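A, B, ... follow the sequence lines: proteins, then strands. Residue 1 opens every chain. Fair warning: this is a prediction, and the values are worked out from it, not measured in the lab.
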2 protein chains.
Amino acid sequence: MTKTLVFGHKNPDTDTICSAISYAELKKAQGADIEAVRLGELNSETAFVLDYFQVTAPRLVQTVANEVSEVALVDHNERQQSVDDIDDVTVTAVVDHHRIANFETSDPLYYRAEPVGCTTTILLKMFRENEVEVSKTVAGLMLSAIISDTLLFQSPTCTEEDKVAAQKLAQIADVDIQSYGMEMLKAGADVSKKTVAELLLDAKEFNMNDNKVEIAQINVVDVNDVLSRRAEVEALMTQNIVDKGLDLYLFVITNILTNDSVGIAIGSKTAVVEEAYGVKFVENQAPLKGVVSRKKQVVPILTDTFAK
Amino acid sequence: MTKTLVFGHKNPDTDTICSAISYAELKKAQGADIEAVRLGELNSETAFVLDYFQVTAPRLVQTVANEVSEVALVDHNERQQSVDDIDDVTVTAVVDHHRIANFETSDPLYYRAEPVGCTTTILLKMFRENEVEVSKTVAGLMLSAIISDTLLFQSPTCTEEDKVAAQKLAQIADVDIQSYGMEMLKAGADVSKKTVAELLLDAKEFNMNDNKVEIAQINVVDVNDVLSRRAEVEALMTQNIVDKGLDLYLFVITNILTNDSVGIAIGSKTAVVEEAYGVKFVENQAPLKGVVSRKKQVVPILTDTFAK
């Protein structure tokens, strides 16, 4: 049997890691030879989750073509967010909840995307449709992914399906959603021990009308915990702009208690962000009122504004 | 409620028409305001199918943005195969069984693709997953699509899932697969009354490494029924090359009784076809032994050869 590697995006978050593990479990139950791997270091929230449910982290890989010819993607599809040698392997399956872009295949494949808050909400359906039982541990991981991606159901990306899925998974995993969820989110939002590079860990690159745009996001319980280190943060953002030839680097600092964000923008195209949100950057900084979702409240509006 | 139009590709075939009707039925049962439409004239096989099950053809449209802001696509995703003003509307859902290419969205959407022989095989799953019953008439249409796309299970694109789906649909529709299937395929393969334009009706355009490639296919019971009109056929193909600026036009004439094809190729890049299949075109014509599937035996091999 052909071995498949399954992985989520670079700069992995809880949904990416837990979806890869869950997808591998589903496919193993159906007889596949598959291994979940990851493309980067775990963030502190995901480390908390894996530790809580006592699951070993997927193996870290830099490339995949040296090991396999076929891969499955979870929680992403855009080439620049995937493994560096993605063009050297065949993508046979994708399970995702993002827009589709910079993705092309020669052959038909399995592609399952739904506009829901979390990839594991879709995966739970797939377990059901294939009549595969979700184990207690995997249910815990899948629930954690939903809590993470929907900010405990507060994000505008959260759908009724995510809420229903979370209830079912919480029952199987035997955890209390509210208390576990807040503990988990706070573990991720504790920035006190983070290096500057770790503050910018959850960064994704997008191509918007031929502009290279990097958008990083961090969840905090007090934006000043990050803003107090602004000089260092901006230095690293600037370094990234130079290294990657970016046109815009936007860093979204999201307060998970108030559900508002502050944006820091650097690059030649910061005016696009100003136009998109009707704000003015003062010392590279502007409030982004009510913005908590990169996917729903940042990427589409910037894509549209760049396209003008 | 926002009205949605659902449609398959240009130059519609049986799967495209029947999938649009079936998808609309499924969504209507779930309360949606949706209408199936078509982007071109019915071929003789599809006309036979709709007549047999006494279903009215979907309304013909040239554009969609003048009517709706949201659309669903079945049986295709590539922009150049879709409605001309596809860029002016939002694609909220896709159900397909082809490769993904030239497709990009700003927002997350519902996308369901599986590497099976026919779109209605996937749609049958969706009826089940949503616990919507398939009516006798719609089952007949869905079965016809599977018979058409798999050449009565003879095509290499045909999977076990297609066969199982066809059995279930035949039961609901109360038809005998073999006798109905041959009658239907022969209705489509009767080229005696077809104009030259109708011989080339099932044409799809592809972008392969920046080359514009048109691939048409016709099913026949005797290739000489088409080859005897080669001069006219080639004249129309040449006209198309000029009008659309094509680099290659390949016409695949498939014998549904022997499961072989003959190819006619015109354009500046015919050498790519020769390299792909290890054949030589003599008077623009070459045998394509064992080739019956454009999707599985033509598009991927030409894509790869163009990429060399």
Side-chain angles (χ1 to χ4, degrees), chain A residues 70 73 75-79 87 90-119 121-122 125-126 128-131 149 156-157 159 161 206-209 293-307, chain B residues 70 73 75-79 87 90-119 121-122 125-126 128-131 149 156-157 159 161 206-209 293-307:
Chain A
E70 297 188 350
L73 311 183
D75 196 29
H76 76 298
N77 66 84
E78 302 192 39
R79 188 182 288 128
D87 290 336
T90 302
V91 178
T92 58
V94 178
V95 182
D96 192 19
H97 65 134
H98 295 89
R99 71 167 187 168
I100 299 176
N102 297 312
F103 182 80
E104 186 157 323
T105 63
S106 298
D107 287 281
L109 75 164
Y110 185 98
Y111 200 110
R112 180 80 172 251
E114 299 190 21
V116 292
C118 180
T119 309
T121 300
I122 307 165
K125 283 192 195 182
M126 291 171 61
R128 290 244 186 79
E129 288 159 17
N130 292 284
E131 294 173 6
D149 266 20
T157 59
T159 67
E161 289 193 50
F206 300 88
N207 183 313
M208 296 181 180
N209 208 13
S293 167
R294 172 170 48 195
K295 185 168 67 171
K296 204 146 183 162
Q297 297 172 298
V298 182
V299 174
I301 190 167
L302 287 187
T303 300
D304 291 348
T305 312
F306 267 109
Chain B
E70 296 187 352
L73 311 184
D75 196 30
H76 76 297
N77 66 83
E78 302 192 38
R79 186 182 289 128
D87 289 337
T90 301
V91 179
T92 58
V94 178
V95 183
D96 191 19
H97 66 133
H98 296 89
R99 69 166 189 170
I100 299 177
N102 298 311
F103 182 81
E104 185 157 324
T105 63
S106 298
D107 287 281
L109 75 162
Y110 185 96
Y111 200 110
R112 179 80 172 251
E114 299 190 21
V116 293
C118 180
T119 309
T121 300
I122 307 165
K125 283 192 196 183
M126 292 170 61
R128 291 245 186 78
E129 288 160 17
N130 292 286
E131 293 173 6
D149 266 18
T157 58
T159 67
E161 288 192 50
F206 300 88
N207 183 314
M208 297 182 179
N209 208 14
S293 166
R294 173 169 48 196
K295 186 168 67 170
K296 205 146 182 164
Q297 296 172 297
V298 182
V299 175
I301 189 167
L302 287 187
T303 302
D304 291 348
T305 313
F306 267 110

State, yes or no, whether a side-chain contact exists between B:P115 and A:L109 at a heavy-atom distance under 4.5 Å.
no
Chain B contact via A:D304 - which portion, at a heavy-atom distance below 4.5 Å
side chain
With chain A, the option among B:A113, B:S106, B:A307, B:A101 that has the most non-hydrogen atom pairs under 4.5 Å is B:A113
Please classify the contact between A:E114 and chain B as side chain, backbone, both or neither, with a heavy-atom cut-off of under 4.5 Å.
both
A side-chain contact here means heavy atoms from C-beta on lying under 4.5 Å apart; do B:R99 and A:D107 qualify?
no
Would a 4.5 Å heavy-atom cut-off, applied to side chains only, mark B:R112 and A:R112 as touching?
yes
Counting heavy-atom pairs under 4.5 Å to chain B, which of A:I100, A:I301, A:T303, A:V94 comes out on top?
A:I100
If you tally heavy-atom pairs under 4.5 Å between each of A:E78, A:H98, A:E129, A:K296 and chain B, the highest tally belongs to A:E129
I'd like to know which of B:T92, B:N77, B:T105 tops the heavy-atom pair count under 4.5 Å against chain A.
B:T105
